[in-house]
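Because the structure is predicted, anything quoted here is derived from the model rather than measured.
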Amino acid sequence: ALPIFDYTDAILAIFNCFPLKKYLAAIRTKPFLLLAGISGTGKSRIVRKLAQMTITEELQRKYDKEYNGTDFENDRWNLHTPANFKLIQVKPNWHNSMDVVGYLTNIPEPHYVFTPFVEFIARAWQHQDVPFFLCLDEMNLAPVEEYFAEFLSAIESRAFENRNGEIVAIDSDKDPT
């Protein structure tokens, strides 16, 4: 099972709320969760706390050169940016997937411009033993179907390309481990 489910009691103690069980069930069912609600109600905080709870000290030290704590089990709860968490502000001018996945440019020479979104997904792919949490904040500021269509389609297909280049479907009825 994913490590996040080893911490269910700890999560519930932090938030002291039963709706969190629904979030955990939703994450276990699909790796994509939309939280909607009034501004300032703690949606992003929930995601950050889940990341703080599941980050490993090794991963945090690898990607956060400023972290020099000595008591990681307590320090984790004060990490503003756990290495397995990324908050991306959606911009009102996002109207195609280039804003999410990047683009090819010829200036000054041909190269691909990666976005923080793609860089974070690549990091998550390299560390599949740790749950990663990507928070697209204020998704309603731009038409989701324009800037996120390809990614939503990939999530819905529930398939991935393995290291041998084979397309493997994920059976949602079985445990992902």
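- Environment of CG in D71: crowded, with over 12 heavy atoms of neighbouring residues, nucleotides or ligands closer than 6.0 Å.
- A salt bridge links R76 with E73; the closest basic N to acidic carboxylate O contact falls under 4.0 Å.
- Taking CE of M53 as the reference point, atom CG of N84 lies at 9.5 Å (rounded to 0.5 Å).
- Remark: K49 NZ to F133 CZ distance equals 13.0 Å, nearest 0.5 Å.
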Atom pairs and distances, donor-acceptor, side-chain atoms in residues 114-123, under 3.5 Å, two or more places apart:
from : atom 1 : to   : atom 2 : distance (Å)
T115 : OG1    : V100 : O      : 2.4
T115 : OG1    : F117 : N      : 3.4
T115 : OG1    : V118 : N      : 3.2
R123 : NH1    : A83  : O      : 2.9

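- Q60 is not listed as a side-chain neighbour of E57, based on a closest heavy-atom distance of 4.5 Å or more.
- Summarising the local packing, CD1 of I107 is surrounded by 12 or fewer heavy atoms from other residues, nucleotides or ligands at distances under 6.0 Å.
- Taken to the nearest 0.5 Å, the CD atom of Q89 stands 8.0 Å off from the SG atom of C135.
- The backbone N or O of N93 sits nowhere less than 3.5 Å from a side-chain atom of Y147 that would complete a donor-acceptor pair.
- Separation of the F85 and F132 ring centroids does not fall under the 6.0 Å cut-off.
- Using a 4.5 Å cut-off on side-chain heavy atoms (C-beta onward), P131 and L50 make no contact.
- Under a 3.5 Å cut-off, the side chain of K43 and the backbone N or O of G40 do not form any donor-acceptor pair.
- Interatomic distance, CG of D129 versus CG of L59, reported as 8.0 Å (0.5 Å rounding).
- Taking every heavy atom of both residues into account, G69 and D75 meet most closely at CA-OD2, 3.3 Å.
- Heavy atoms of other residues, nucleotides or ligands lying less than 6.0 angstrom from NE2 of H111 number more than 12.
- The hydrophobic cluster around Y103 extends to M98, V113, counting ILVMFWY residues whose side-chain heavy atoms fall within less than 4.5 Å of a member.
- Expressed to the nearest 0.5 Å, how far OG of S44 lies from CG of D137 amounts to 4.0 Å.
- In this structure the side chain of M139 never reaches within 4.5 angstrom of the side chain of W94, judged on heavy atoms.
- Looking at Y67 and T81, their side chains never come closer than 4.5 Å, going by heavy atoms from C-beta outward.
- Inter-residue side-chain proximity for E138 and P92 is flagged as unmet; no heavy-atom pair is nearer than 4.5 Å.
- Enclosure of atom CD in E58 is not indicated, since only 12 or fewer non-hydrogen atoms of other residues, nucleotides or ligands lie within 6.0 angstrom.
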